[in-house]
Amino acid sequence: MTIYNHMVVDQIDGATADQLMHALADATRRDIIRRSIAGRHSVSALARHYPISTTAVQKHVAVLEQAGLVSRHKVGREQRVRTEIAGVRAASSVLDDLEALWRARIDQIDDLLAEPDRAQP
């Protein structure tokens, strides 16, 4: 049985999967997602939590937005960030399927190690 046939990675194009993984590779971006799940925050309010500039936080938000993990909405003069649950679910599915792939590979290794050596009489 080939696990590749069941992987969401195959259902999501490679560029999208790459964007998701790139977006999640940074601790600040993961924290922005965590904070924006709890409620909508302005970019400037988010920036107060990090030792970086508001401009740097805006760039992080842009990476998350391009990956479909957050969206920005203008409220007055502020840009509010909210988590896009569909994007988080897609990322979760990709990670779950990668975990399943590696577990299957480990199981195959275990099976190979458990087989008696055919070369011995």
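- The CD atom of Gln58 lies 9.0 Å from the OG atom of Ser44; values are rounded to the nearest 0.5 Å.
- The two residues Thr54 and Ala47 have their closest heavy-atom pair at OG1-CB, 3.6 Å.
- Sequence neighbours left out, the pairs with a member in residues 76-85 that pass salt bridge (charged side-chain N to carboxylate O under 4.0 Å, His left out) are Glu78-Arg80, Arg82-Glu84.
- Arg35 pairs by the salt bridge (charged side-chain N to carboxylate O under 4.0 Å, His left out) definition with Asp31, not counting sequence neighbours.
- With sequence neighbours excluded, no residue forms a salt bridge (charged side-chain N to carboxylate O under 4.0 Å, His left out) with Arg29.
- Within the structure, salt bridge (charged side-chain N to carboxylate O under 4.0 Å, His left out) contacts touching residues 39-56 (residues at least two apart or in different chains) do not occur.
- Leu113 contributes atom CG, which lies 12.0 Å from atom CD of Gln108 (distance to the nearest 0.5 angstrom).
- At a threshold of 4.5 Å between non-hydrogen side-chain atoms, the residues Asp97 and Leu101 do not count as touching.
- The side-chain heavy atoms of Leu24 and Ile33, taken from C-beta on, include a pair separated by under 4.5 Å.
- Residues Val63 and Val57 are members of separate hydrophobic clusters, defined by side-chain heavy-atom contacts under 4.5 angstrom among Ile, Leu, Val, Met, Phe, Trp and Tyr.
- Summarising the hydrophobic clusters (Ile, Leu, Val, Met, Phe, Trp, Tyr; side-chain heavy atoms under 4.5 Å, direct or chained), the residues clustered with Leu112 are none.
- Here Thr83 pairs with Ser36 under the side chain to side chain donor-acceptor pair (under 3.5 Å) rule; sequence neighbours left out.
- Atom NZ in Lys59 sits 14.5 Å away from atom CG in Leu64 (nearest 0.5 Å).
- Both Leu46 and Ile37 belong to a common hydrophobic cluster when Ile, Leu, Val, Met, Phe, Trp and Tyr are linked at side-chain heavy-atom distances under 4.5 angstrom.
- Rounding to the nearest 0.5 angstrom, the gap separating the CZ atom in Arg103 from the CG atom in Asp96 is 10.5 Å.
- Residue pairs that meet the salt bridge (charged side-chain N to carboxylate O under 4.0 Å, His left out) test with at least one member in residues 60-69, sequence neighbours left out, are Glu65-Arg72.
- Contact of the Leu95 side chain with the Met21 side chain is registered, since non-hydrogen atoms from C-beta on lie closer than 4.5 Å.
- For the salt bridge (charged side-chain N to carboxylate O under 4.0 Å, His left out) test, no residue two or more places apart in sequence or in another chain qualifies with Arg89.
- The two atoms that bring Leu69 and Ala23 nearest to each other are CD1-CB, 3.7 Å, heavy atoms only.
- For Ser92, the side chain to side chain donor-acceptor pair (under 3.5 Å) criterion is met by no residue, not counting sequence neighbours.
- Inter-residue side-chain proximity for His60 and Ile52 is flagged as met; some heavy-atom pair is nearer than 4.5 Å.
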